[in-house]
There are 2 protein chains.
Amino acid sequence: MNLPPVIQAFVLHFGEMGSRWGINRTVGQIYALLYVSPEPLCADDMVDRLGMSRSNVSMGLKELQSWNLVRLMHKPDDRKDYFTTLGDIWQIVRTLVEERKKREVDPTLSVLRELLMQNPAMADEQHAQDKMREMYEMIEMLCGWYDDVRRLETERLMQLLSLGAKVQKILEVKDRLFALPGGRSKEPAGKEG
Amino acid sequence: MNLPPVIQAFVLHFGEMGSRWGINRTVGQIYALLYVSPEPLCADDMVDRLGMSRSNVSMGLKELQSWNLVRLMHKPDDRKDYFTTLGDIWQIVRTLVEERKKREVDPTLSVLRELLMQNPAMADEQHAQDKMREMYEMIEMLCGWYDDVRRLETERLMQLLSLGAKVQKILEVKDRLFALPGGRSKEPAGKEG
DNA sequence: CACATATTTCAGAAATTTCTGAAAGTTGAG
DNA sequence: CTCAACTTTCAGAAATTTCTGAAATATGTG
């Protein structure tokens with residue numbers, strides 16, 4: 001590797017992290033390098049700095065493009081492809097979550113839905129389906145929440161995150177304010193309304 | 001494998017998912033099987049049903065115990081170790097998040113903190129540190145939020161999730177209610193009181 | 001088209017991870 | 001202590017994933 005020490009440490013760490021999250025180590029390194037680079041880099045830059053083969057860089061970039069994590073650019077009078085990460089860190093996280101949902105969560109929901117349609121042949125299958133339903137409903141709930149918050153502007157999202165569980169307190173106030181004599185204030189907050 | 005079809009499909013799918021998230025396929029299978037089993041299972045049960053070696057099951061269970069995902073039990077007059085998953089699906093997700101934070105997020109924060117202390121030797125390092133700071137601050141913010149919501153009871157958490165971005169509307173109402181003439185209502189919502 | 005420059009593909013090599021059987025370790029009962 | 005029942009360890013085998021160099025492909029230029 002041919003990088004200033006601080007950048008090298010960062011790149012190595014994110015290579016490791018990547019591989020713990022099912023992302024190829026070198027793909028993690030390429031992305032980390034792009035993330036901290038002030039200018040777009042071409043494949044040969046990455047070969048120089050990361051010390052991996054040209055073909056490996058090529059495959060890594062292809063992978064990153066398929067994840068929408070990287071954008072291809074050109075410079076005038078230069079036939080090389082240059083790459084950058086796109087957006088700020090919040091946009092990056094949004095993209096990561098979106099892609100992982102598409103690739104792993106949605107297919108899991110499909111599988112669960114399909115298995116829940118089957119007729120249980122025995123008691124164990126019946127019980128298994130109950131557990132699968134429990135899981136299905138949780139994932140659906142998380143997806144519903146995600147679908148809602150992903151539309152927020154980053155500014156608003158950060159506001160919400162800063163609030164944390166204090167939202168809870170606001171809800172309690174709301175509950176008290178709108179409490180009806182019949183005790184309807186205890187009904188769970190629904191999405192409608 | 002020696003499992004009813006619905007359970008087998010579930011176990012296989014979660015083995016796949018596990019391996020996409022950096023969890024060994026067979027560990028995923030063991031956990032999936034335990035999750036849908038109505039009764040605690042012993043290692044030999046798992047060997048029978050999953051068709052893997054006894055030693056593999058032993059290692060998988062050790063791994064799952066280190067993640068606090070599985071509890072060891074005993075039956076009267078039986079020297080075997082029996083295992084179950086613990087808690088409902090929400091508790092499971094909490095445990096997963098907690099452990100992953102401990103193993104991956106916290107160490108990442110340490111690395112970033114350390115790298116941000118270094119004196120940048122050149123312009124590129126300076127820029128890299130700016131990007132690392134951006135990342136560090138985002139992770140801190142997410143952790144702060146997590147630290148808040150993880151304390152909520154599941155019932156409350158679900159309520160919050162169902163609300164989704166509607167919390168936003170409540171905030172807007174609050175902003176209007178407490179708006180001061182000087183325009184202070186536009187300050188970002190802080191964690192302090 | 002021929003050439004130079006650049007990228008991609010892919011078969012096999014290398015590295016890593018996972019899995020297994022055999023041996024060693026542990027534990028409770030007699 | 002000895003035995004039987006059970007679990008863990010671990011070195012090497014097997015499987016999988018990653019990486020590479022060489023060849024193929026693509027593309028802009030004259």
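No hydrogens, no waters, no symmetry mates; every other heavy atom, side chains included, goes into these values. Letters A, B, ... are given to chains in the order of the sequence lines, protein chains preceding strands, and every chain is numbered from 1. No experiment lies behind these values; they were computed from the predicted model shown.
Between the CE atom of A:Met52 and the P atom of C:dA15 there is a distance of 15 Å, given to the nearest Å. Between the C1' atom of D:dA23 and the CZ atom of A:Arg54 lies a distance of 15 Å, rounded to the nearest Å. Look at CE on A:Met59: it is 21 Å from P on C:dA6, rounded to the nearest Å. Atom C1' of nucleotide C:dT27 and atom NE2 of B:His74 are separated by 10 Å, given to the nearest angstrom. Look at CG on B:Asn56: it is 14 Å from P on D:dT9, rounded to the nearest Å. Computed from coordinates, the B:Asp81 CG to C:dT27 P distance equals 11 Å when rounded to whole Å. Per the geometry, CZ belonging to A:Phe83 stands 6 Å off P belonging to C:dT8, to the nearest Å. Counting to the nearest Å, the C1' atom of D:dT20 and the CG atom of A:Leu50 are 16 Å from each other.
A salt bridge does not link B:Arg151 to B:Asp148: none of the charged nitrogens lies less than 4.0 Å from a carboxylate oxygen. With respect to B:Arg94 and B:Glu98, no salt bridge is recorded, no charged nitrogen being found less than 4.0 Å from a carboxylate O.
Checking side-chain atoms of B:His127 against main-chain N and O of A:Val36 turns up a donor-acceptor pair under 3.5 Å.
Checking D:dC6, C:dA22, C:dT18 against the side-chain heavy atoms of B:Asp78 singles out D:dC6 as nearest. Here the side chain of B:Asn24 is nearest to one of C:dC19, D:dT7, D:dC19, namely C:dC19. For B:Lys80, taking side-chain heavy atoms from C-beta onward, the closest of the listed nucleotides D:dC10, D:dC19, D:dC6 is D:dC6. Closest to the side chain of B:Thr26, from the set D:dT9, C:dT7, C:dC19, is C:dC19.
When each of A:Ser55 and B:Ile23 is assigned the nucleotide of DNA chain C bearing its nearest heavy atom, the one mapping closer to the 5' terminus is A:Ser55. Along DNA chain C, the nucleotide nearest B:Arg25 and the nucleotide nearest A:Ser58 are compared for position; the residue whose nucleotide lies closer to the 5' end is A:Ser58.
Side-chain atoms of A:Ser53 stay outside donor-acceptor range of the base of D:dG21, with no qualifying N/O pair under 3.5 Å. Side-chain atoms of B:Arg79 come within donor-acceptor range of the base of D:dA5, with a qualifying N/O pair under 3.5 Å.
Nearest heavy atoms, A:Glu125 versus B:Pro4: OE2-CB, 3.3 Å.
When the side-chain contact (heavy atoms from CB on, under 4.5 Å) test is applied to B:Gln65, the partners found at least two apart in sequence or on another chain are B:Val70, B:Leu72, B:Phe83.
Side-chain nitrogen and oxygen atoms of A:Lys62 include none within less than 4.0 Å of the OP1 or OP2 phosphate oxygen of C:dT7.
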